[in-house]
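All heavy atoms count here, side chains included; hydrogens, waters and symmetry mates do not.
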Amino acid sequence: MNRPKILENKSVMNAIYLGTLCSIAYLAVYFARNVLSVVTPQMIEGGYSESYIGRVSSVYFVFYAIGQLINGIIGDKIKARYMISFGLLLSAITNVVFAYISYSHPVVALIAYGLTGFFMAMIYGPMTKVVAENTEQIYAVRCTLGFTFASFIGSPLAGIIASFVVWQSVFLLSSISLFVMAVMCFIAFLVLEKKKIIKYNQFKLKEGEKGGIKTLIKRQIIKFTWISMITGVIRTTVVFWLPTYISQYLSFSSEQSAGIFTIATFVISLTTFIAVFIYERLRRDMDLSLISMFTVSAICFALLYVVKQPVINIILIVLAIMASNGAATILWSIYCPSLYDTGMVSGATGYLDFVSYIAAAISSTLFADAVSVIGWGNLILIWMGLMIIGVLVSLPVKKKLN
């Protein structure tokens, strides 16, 4: 039986090898990083306070954000094989340490989970860079689409496992998956490097072209900084508190909340494909795509505030998150890989992830306190307001005529 012609294309096959490897590794990362969210109801029932879990998540986000900034820059200078493999290995260790000392040594556990965030931040920037620089641009978009899909599917995977085992065991299993992928990535990257499928530092700024921040400003980095912060709050903080929202605001049990969260996040994971489909239908117009997605999200959050019926309420919050995540897909899967010819993909991606998680860290603590002060209903209005800001930021700016 003859192979399809597309599979005889060396560029396509190289992209498949590299994209599949990186996507599976990133799935392990997002499985691990979503564990705390899905087991929060169990931990609260076991005696942990909401404020402590809120602090843990905020410390994680801060360490992750700082790690993205530092590791993103380093990732432009060090081979992806080392950055990704050691990031996976070290985060596997600190992740499981948190689970088994959090009750007896809460402060040490807090630091350990923060370090988990820092080590996990060694992965995304270098991963995006190695794909952007070693595949054709159309395939690079497809590969990073796989990363984004993996990041969304990590939530339902964690939710499914949390439905069957106690919360400490979920942490243990996630750490095992990180360790396995650390070994696999180190070996696979070494093989791909020897076969010349992966090469480093292929792209540098053209002679006479201004480097650093000036180049990135020209590429709309300021605009996408705002988009990164806004979508970061929704895709990270709102999704983190979603099981608690379902449990407290909609009065479901912790077991029911975990099940609903699993289904909801699985549906949310389809956002990546929907977002690229819409982007293609809108003639690859990033501004129009972003405006459309933020508008839909704002409308869904507005309806969410009005409609209290549990099933419809869950549908609306899922749609709101999906629309916002669609804007995030444009950022991570289309904008970041487009910077391949600057030689700064890892640094720029790390910076954008940095501002995203700084926003998530601040909002996680604020949301935890806001629930008891203003209630879930008014918090929904804040989420809607963020989407309106997203619409305004996405409006195209007319260039001044000389």
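Tyr245 places a side-chain heavy atom less than 4.5 Å from the side chain of Ile380. The shortest side-chain heavy-atom distance between Ser228 and Tyr335 does not fall under the 4.5 Å cut-off. Side-chain contact between Arg33 and Thr236: present, with at least one pair of heavy atoms (C-beta onward) separated by less than 4.5 Å. Side-chain contact check for Met120 versus Leu178: some heavy-atom pair is nearer than 4.5 Å. In this structure, Ile197 and Leu18 have side chains that are not in contact, with every pair of non-hydrogen atoms separated by 4.5 Å or more. Phe301 has its side chain out of reach of Leu386: every pair of non-hydrogen atoms, C-beta onward, lies at least 4.5 Å apart. Proximity of Thr215 to Ile221: side-chain heavy atoms (C-beta onward) are nowhere separated by under 4.5 Å. A 4.5 Å side-chain heavy-atom check between Val391 and Ile388 finds every atom pair outside the cut-off.
The two residues Met384 and Ala298 come nearest to each other via the heavy atoms CG-O, 3.5 Å. The shortest non-hydrogen separation linking Phe31 to Val170 is CZ-O, 4.3 Å.
In terms of modelled atom types and a separation under 3.5 Å, the side chain of Tyr48 and the main chain of Tyr103 share a donor-acceptor contact. The backbone N or O of Gly19 lies less than 3.5 Å from a partner atom in the side chain of Ser23, making a donor-acceptor pair. Formation of a donor-acceptor pair under 3.5 Å by the Gln309 side chain with backbone atoms of Ile312 is found in this model. Proximity of a side-chain donor or acceptor of Ser175 to a complementary backbone N or O of Val96 within less than 3.5 Å is detected. Between the Thr349 side chain and the Ser346 main chain, no donor and acceptor come within less than 3.5 Å of each other. Judged by distance alone, with hydrogens and angles left aside, the side-chain atoms of Asn134 form a donor-acceptor pair with the main-chain N or O of Lys199 at under 3.5 Å. Within the 3.5 Å criterion, the main-chain N or O of Phe266 finds a donor-acceptor partner in the side chain of Ser269. Distance alone, capped at 3.5 Å, places no donor-acceptor pair between the Asn95 side chain and the Ser91 backbone. Listed for the Thr135 side chain is no donor-acceptor partner under 3.5 Å among the backbone atoms of Ala132. Judged by distance alone, the side chain of Ser85 and the main-chain N or O of Tyr82 form no donor-acceptor pair under 3.5 Å.
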May I have the step-by-step check of side-chain contact (heavy atoms from CB on, under 4.5 Å) for Leu339 and Met344, ending in yes or no?
CA-CA 7 Å; Leu339 301 173; Met344 297 182 289; over 6 Å; no
Go through Trp332 and Thr144 one step at a time and tell me if the side-chain contact (heavy atoms from CB on, under 4.5 Å) criterion holds.
CA-CA 7 Å; Trp332 304 114; Thr144 53; over 6 Å; no
Kindly determine whether Thr244 and Thr40 satisfy side-chain hydrogen bond (donor to acceptor under 3.5 Å, both in side chains), including the steps that lead there.
CA-CA 7 Å; Thr244 308; Thr40 290; 5.3 Å; no
Decide side-chain contact (heavy atoms from CB on, under 4.5 Å) for Ile84 and Leu88; before the verdict, give the C-alpha distance in whole Å, the side-chain angles of both, and the deciding distance to 0.1 Å.
CA-CA 6 Å; Ile84 294 171; Leu88 289 165; 3.9 Å; yes
Start with the C-alpha gap between Ser292 and Ile278, add the side-chain angles, then the distance that decides, and say whether side-chain contact (heavy atoms from CB on, under 4.5 Å) holds.
CA-CA 9 Å; Ser292 301; Ile278 293 172; 5.5 Å; no
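For the residue pair Tyr279/Thr329, the side-chain donor-acceptor check at 3.5 Å is not satisfied.
Under the 6.0 Å cut-off for aromatic ring centres, Phe63 and Phe119 do not qualify, their centroids lying 6.0 Å or more apart. Ring-centre distance between Phe277 and Phe273: not below the 6.0 Å cut-off.
The environment of CZ in Phe179 is sparse: at most 12 heavy-atom neighbours from other residues, nucleotides or ligands sit within 6.0 Å. Residue Tyr17 places its OH atom among 12 or fewer non-hydrogen atoms of other residues, nucleotides or ligands, all under 6.0 Å distant. Around atom CH2 of Trp226, no more than 12 heavy atoms belonging to other residues, nucleotides or ligands sit under 6.0 Å away.
Ring-plane geometry between Tyr64 and Tyr60 is classed as parallel, the angle between the planes falling under 30 degrees on a 0 to 90 degree scale with a further cut at 60. Classified by interplanar angle (parallel below 30°, tilted 30° to 60°, perpendicular above 60°), the ring pair Phe186/Phe86 is perpendicular.
Exactly one of Glu133, Glu193, Lys79, Lys77 qualifies for a side chain to side chain donor-acceptor pair (under 3.5 Å) with Tyr200. That residue is Glu193.
Leu242 CG to Ile268 CD1: the interatomic distance, rounded to the nearest 0.5 Å, is 6.5 Å. Rounding to the nearest 0.5 Å gives a distance of 11.0 Å between OG1 of Thr225 and CD1 of Ile230. Taken to the nearest 0.5 Å, the CZ atom of Arg281 stands 11.0 Å off from the CZ atom of Arg283.
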